[in-house]
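Single-structure report; data block below.
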Amino acid sequence: MKVGNKEMEIKFTKAEVLKEKPAPGAKLGFGHIFTDYMLIMPYDEGKGWHDPEIKPYGNIELSPAAMCLHYGQTVFEGLKAYRTADNKVQLFRPEENFRRLNRSNERLVIPELPEELGMECLMKLLEIEKDWVPSKDGESLYIRPFIFAIDPFLGVKPGAQYYFMIILSPSGAYYESGLNPVNIYVESKYVRAVRGGMGYAKTGGNYAASLIGQDEAHKQNYSQVLWLDGVEQKYIEEVGAMNIFFVIDGKVVTPMLQGSILPGITRKSAIEVCKSKGIEVEERRITIQEIADAYDAGKLNEVFGTGTAAVISPVGHLKWNDKVMEINDNKIGRISQMLYDTMTGIQWGKIEDTFGWTVEVK
Ligand SMILES: *Cc1c(COP(=O)(O)O)cnc(C)c1O
């Protein structure tokens, strides 16, 4: 392929033996099974991205001084490949992931990865690994592209050398027993990100900052954390790895993007699906007090999270300090169900993709 004015070939190094694929029906879980191959492409200052290679999945060698290990100059993406009933493999809005990767790159002072080069690398890898896309209902092949600085140097500066990699992991259905409401804990001591920080970038540091809240939530038997803004701890931001939506008195509202929230592709798609069905969505600032007041007034109809992993995650309980709100009698709401059915329908090819969101892997 041509990138800029350079001709680029993706080198393919064959594995001597291929792994045994999980048996159909085996529990896949998330993130611990990896396919036969991975993609790796170095970047060197002055040379740019070069010599992409698809090679057997395995450990990589890094200097103990590699900059990513010390100062966290890393970014990542997450998307899935879905197998449809007629045995096609397709992606959901993958160009959005590469666009967002570059917005993360910019914030972390990592060189741009041309979108078409990222896409080409992904498509080549998937052509080879297509058979790893599982076929049971709700299962998918999780795709993890990521970039990290590898310079062996302990000074603090942006790296001059990087790796771009893609690894693939077959994953089970998020909801083993159907769409189930989750319980969420509102974190009011720690914060995840601030405006002007890197909350909008998909980078490891944001997750490192969030672990302590996740830990506290788990101790209290809640599965995920809802973060409040980093300045006043008044405004709602997002959940662990999901954006958040509320239906208040019949109206769909979600926090507006102001730089501290990850701009989810599922969030964006959910807004577009709502609009296509004539459901208005307000993107604005929402205080946790407004949610508590709406709850007390009996006007908090639905709460749900959006993200690639679960697509739509209805919230059954929301705990803010001593107040526990049970949403919609811990049942899935009408809009949550509609969004879930529409979006998973498009992803697994069960309904027509009138938005033109899917991209087939040939
Ligand atoms: C990835 C991510 C999301 C969800 O984004 P999608 O593109 O919808 O998968 C939400 N919040 C955080 C912090 C994330 O890292």
Side-chain angles (χ1 to χ4, degrees), residues 30-31 72 74-82 91-105 107-108 115 118 122 140-147 169 171 174 182 184-187 190-195 197-214 217 223-230 235-245 254-274 281 283 303-315 336 339-340 342-344 346-347 355 357-359:
F30 176 77
T74 68
V75 293
F76 68 95
E77 270 302 325
L79 67 161
K80 288 172 168 179
Y82 309 86
L91 303 172
F92 184 76
R93 313 187 83 175
E95 68 290 346
E96 291 282 344
N97 292 91
F98 286 103
R99 210 166 290 156
R100 183 170 66 191
L101 184 65
N102 277 324
R103 292 201 300 269
S104 301
N105 282 341
R107 180 63 182 82
L108 276 283
E115 264 171 54
L122 175 58
S140 60
L141 183 68
Y142 184 78
I143 301 165
R144 169 56 57 87
F146 56 112
I147 302 177
S169 176
S171 308
Y174 195 86
V182 295
I184 285 182
Y185 164 86
V186 182
E187 175 57 61
Y190 301 104
V191 299
R192 172 190 171 271
V194 290
R195 260 200 280 167
M198 55 183 194
Y200 69 88
K202 226 169 160 70
T203 179
N206 287 330
Y207 279 81
S210 75
L211 294 175
I212 194 164
Q214 187 74 27
S223 67
Q224 298 194 47
V225 178
L226 177 63
W227 295 101
L228 300 178
D229 76 275
Y235 298 98
I236 289 170
E237 298 242 298
E238 63 172 313
V239 180
M242 295 193 293
N243 295 112
I244 188 103
F245 285 72
T254 190
M256 64 198 291
L257 303 175
Q258 290 187 301
S260 53
I261 300 175
L262 202 287
I265 295 160
T266 321
R267 173 190 184 275
K268 179 175 174 171
S269 306
I271 294 172
E272 289 172 34
V273 168
C274 281
V281 180
E283 294 176 70
V303 181
F304 57 91
T306 62
T308 296
V311 190
I312 300 294
S313 227
V315 176
S336 312
L339 285 170
Y340 184 79
T342 308
M343 297 182 49
T344 58
I346 292 173
Q347 289 165 338
F355 297 91
W357 283 340
T358 53
V359 175

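Note that ligands are numbered from 1 as they come in the structure, with each ligand's atoms numbered from 1 the same way.
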From OG (Ser260) to CD (Glu237), nearest 0.5 Å: 3.5 Å
Short N or O distance, Ile265 and ligand 1, threshold 3.5 Å exclusive: yes
Close-contact set for ligand 1 against Gly264 heavy atoms, below 4.0 Å: 5 (O), 6 (P), 7 (O), 8 (O)
Backbone of Ser223 reached by a side-chain donor or acceptor of Gln214 within 3.5 Å: yes
Closest approach of any protein heavy atom to atom 4 (C) of ligand 1, naming residue and atom: Ala241 O, 3.6 Å
Over 12 foreign heavy atoms within 6.0 Å of CG, Leu211: yes
Where ligand 1 meets Met242 - atom numbers and elements under 4.0 angstrom, heavy-atom basis: 10 (C), 11 (N)
Numbering as shown, the atoms of ligand 1 that approach Tyr207 to under 4.0 Å (heavy-atom distance): 12 (C), 13 (C), 14 (C), 15 (O)
Protein residue, atom and distance nearest to atom 2 (C) of ligand 1, heavy-atom basis: Lys202 NZ, 2.6 Å
Donor-acceptor pair, side chain of Thr306 and main chain of Val311, under 3.5 angstrom: no
Protein residue, atom and distance nearest to atom 8 (O) of ligand 1, heavy-atom basis: Thr266 OG1, 2.6 Å
Any Gly240 heavy atom less than 4.0 Å from ligand 1: yes
Ligand 1 contacted by Arg192 (non-hydrogen, < 4.0 Å): yes
Close approach of Glu77 to ligand 1, heavy atoms, under 4.0 angstrom: no
Basic-acidic side-chain contact under 4.0 Å: Glu115, Arg99: yes
Per-atom contacts, ligand 1 versus Arg100 - under 4.0 Å to a heavy atom: 5 (O), 6 (P), 7 (O)
Distance, nearest 0.5 Å, that separates CD1 of Ile147 from OG1 of Thr74: 10.0 Å
Asn206 (side chain) donor-acceptor with Met198 (main chain) under 3.5 angstrom: yes
Option set Lys80, Glu237, Glu238, criterion heavy-atom distance to atom 12 (C) of ligand 1, minimum: Glu238
Parallel, tilted or perpendicular, as decided by the 30° and 60° cut-offs, for the rings of Phe92 and Trp357: perpendicular
Thr308 contact mode with ligand 1 (heavy-atom cut-off under 4.0 Å): both
Under 3.5 Å: donor-acceptor pair, side chain of Arg107, backbone of Gly197: yes
